[in-house]
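Report on one structure; see the data block that follows.
Ligands are counted one by one from 1 in listed order, and the atoms in each one are counted from 1 as well.
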Amino acid sequence: MESQWRRFCADRWRRLGSRERRQLEQGLGVGDTLSVCVGELRSEDMAVLAQLSAQYSTQKDPRVELDFKQRGNALFKQKDYIQAVASYSKECLVDIERAQAHNYPHELLHKILARRTACLQHLGQADGASDLGSREKLGVTAVPRIQTKPTDRGAPCRQTKTSRILCNISPSIAVRSDSSRGRHFIATEELRPGQVLLQEEAFAAVLVPEGTRRELFPNEDVYCHHCLEQTELPVPCLTCSFSSYCSELCQECAWNQYHWLECSLGGLLLALGTFSQLALRTVLLAGLQQVEKAEKLESGAGQWPSGECSVRMNPDHRVELSSCSRTSGAGDEMPRDSQSRYQMIHSLLTHTKWQTPEHRFLCGLTTAAVCQEIRRMGLESQLVSEWLELDAVSVQGQGLRILGVALLRHLLQLGCNAQAITTFRDTGVGHSHVTEMEEVRIATAFYSTVSLLNHSCEPNTSITFHNTTITVRASQHIPAGQEVLHCYGPHLSRMAVRARQRALRLQYFFHCQCTACVREEGTVGMDSVLGQFLCSHCGMELQDSEEAHYTCPTSSCGLIISKQALFQQVKEVKGQIGVARHLSTQHPDEALRLLCECQQLAHTLLSNRHPLQGEIEDCLAQVYASQGNWLAAAQHLRKSKDLVQIRYGAQSVELGKELFKLAQILFNGHVVDEALTVTVQAENLLSLHCGAEHEMVIELREMKSCLRTLASQFAVSPNFNHKE
Ligand SMILES: [Zn+2]
Ligand SMILES: [Zn+2]
Ligand SMILES: [Zn+2]
Ligand SMILES: [Zn+2]
């Protein structure tokens with residue numbers, strides 16, 4: 001929920017009448033909660049929301065269209081390893097850098113030009129004009145397609161596009177259910193690291209906009225709003241300026257399935273936040289008929305397996321707090337068709353009992369506002385007539401009610417069941433010859449089967465995404481009979497045991513008893529590794545205490561330092577590293593000066609295992625790389641790599657990313673032997689976590705074959721081998 005709306009609702013909750021407040025505090029069901037909130041929604045609330053929505057204008061702006069051309073050009077990668085081999089051998093390593101800088105990948109250029117032509121033609125046709133250049137007119141002249149009836153909803157376009165599988169479960173794992181863990185997956189035979197266990201397409205996914213947080217290529221301009229495919233030349237929605245797609249096909253599918261309504265609501269959904277949009281899209285994708293059916297089953301009219309039912313109907317059942325389960329489902333077979341997939345989503349726990357009344361009010365008021373806006377805009381009859389296929393007049397009001405209840409249910413579920421879709425993205429900082437990957441969230445999604453995986457702070461799986469498809473792989477050997485676990489967020493290497501358990505309790509309402517938590521409980525856990533502060537008097541590592549300060553263990557010293565003061569200093573160092581990163585290309589000397597200061601401060605403040613030491617080394621490597629000083633860059637990056645290994649472990653994806661970077665720097669620095677070794681290490685590690693077809697792994701393979709060619713060529717050149 002966007003922060004302004006959330007703040008408004010929090011204030012609204014405080015001003016709520018005592019009767020309504022009491023009602024909500026009693027822990028009403030979804031339907032009754034909605035009734036209370038609908039009764040509470042005032043025209044003043046809608047006025048405030050209208051104001052907030054206006055900040056997210058989705059009106060067409062002609063200037064936006066102009067950008068698309070420039071963007072197409074900027075997305076080239078200035079790298080081509082096959083060309084690099086040619087240059088290496090031609091110029092005998094004399095001027096490789098200059099040669100690389102001029103090697104634009106011609107194949108890519110050709111592809112993009114072809115796509116641009118196709119796109120212009122498409123836009124020309126849509127406009128009905130022969131002038132292909134006048135694309136700006138589109139926004140004004142396009143007739144809003146709200147009038148058109150959604151086409152055959154029985155054939156979702158994503159299936160026609162490619163024969164994608166909605167959900168694919170390895171025969172080596174199986175669903176089990178017991179009272180302490182709920183429904184969960186176990187290995188039915190020994191699983192090997194890297195083995196694919198589960199692949200599932202999101203039931204619904206919504207792109208998370210970055211807005212002004214990223215000036216160049218924010219998510220919303222780079223990824224298709226329907227299928228999340230990365231796109232150089234997006235096809236914009238004909239009506240709004242916000243949504244754009246990878247293809248005409250996606251644009252049409254999105255429009256027919258859900259965007260016809262989302263588009264009319266415009267800034268409202270952006271003001272209410274991604275969860276509201278995802279909840280609404282889930283309902284629209286399922287269709288009201290489907291929703292109504294699931295709702296009837298829920299209220300007892302239909303049949304559920306009795307065991308599952310009692311857990312779901314009785315939130316006091318100890319299973320909820322004592323296990324990591326966040327689901328309950330219907331039936332023993334994994335649903336593969338969209339109908340039963342929706343039923344599974346619908347039956348996910350709402351945790352109504354554990355959520356604060358204030359949170360339930362926020363979700364309820366949000367739902368009431370969406371319904372109110374749909375009614376105000378006169379979209380209700382369309383919603384009802386097209387989906388219930390009944391006499392529109394007789395079911396008006398009823399349709400909106402069904403929509404509202406489902407919407408609120410999904411909003412309540414999302415806190416525990418939303419899955420972030422992440423991708424590794426080029427950070428765009430630093431040198432164009434080194435791709436630095438950062439993991440970013442690009443969307444939020446509902447997965448019905450993946451939701452069955454229980455949490456561990458020390459999971460035995462890794463997840464990756466391709467567009468909206470999630471892939472779960474074993475990240476280690478998993479013996480037969482052991483549970484398959486993934487991490488909901490609080491990971492062993494990033495948070496101390498107390499912080500993890502607190503986060504899991506607040507968001508998922510359970511007390512984590514995973515192997516890592518059991519092992520670390522009663523100890524300070526990661527604090528002893530992450531903390532790592534030094535006494536500024538005697539240099540000893542400070543000891544953690546429950547209080548607001550650290551104490552020096554040296555008896556003759558006994559220094560006491562406030563945690564807040566130390567954290568403030570760490571924050572300042574972090575800030576300075578950030579500034580240095582931005583200066584690295586344009587003002588390397590200034591960046592180096594800043595980093596030197598950071599190093600000095602870190603030296604007196606932090607132990608040499610502290611992650612911040614690694615960040616400084618990493619940044620130094622970046623500055624040297626941006627100057628083409630590959631050997632100096634490699635020297636710093638090796639240190640950073642060692643620290644990443646200490647922190648995340650020798651089998652971690654984080655180490656894989658660091659090795660990927662080191663491999664590129666060594667490659668550019670012509671350190672062929674070491675580059676080859678590191679490339680192979682990185683390839684092994686990353687393909688284990690991300691699969692052999694991941695973009696980083698493909699790049700590493702290309703580098704490897706290039707380096708092998710070089711190694712064989714230079715075997716006859718005695719001058720080259722730097723180690724001799
Ligand atoms: Zn698409
Ligand atoms: Zn639109
Ligand atoms: Zn845990
Ligand atoms: Zn001391």
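Taking the six-membered ring where tryptophan is involved, the planes of F242 and H225 are perpendicular, since the angle between them exceeds 60° and thus also 30°. Between F533 and F567, the ring planes lie tilted relative to each other; the angle falls in the 30° to 60° range.
Angle NE2(H259) to the Zn ion (ligand 2) to SG(C263): 110° [nearest 10 degrees]. Remark: at the Zn ion (ligand 4), atom SG from C552 and atom SG from C535 enclose 110°, rounded to the nearest 10 degrees. To the nearest 10 degrees, the angle centred on the Zn ion (ligand 2) between SG in C240 and SG in C237 reads 110°.
Taking the six-membered ring for Trp, H346 and F446 have ring centres at least 6.0 Å apart.
For the Zn ion (ligand 1), the set of nearby N, O or S atoms under 2.8 Å includes one belonging to C224. Among the backbone and side-chain atoms of H225, no N/O/S atom is found under 2.8 Å from the Zn ion (ligand 1).
Q413 places a side-chain N or O within donor-acceptor distance of the main-chain N or O of L348, the cut-off being under 3.5 Å.
With contacts defined as side-chain heavy-atom distances shorter than 4.5 Å, the pair E210/E220 qualifies.
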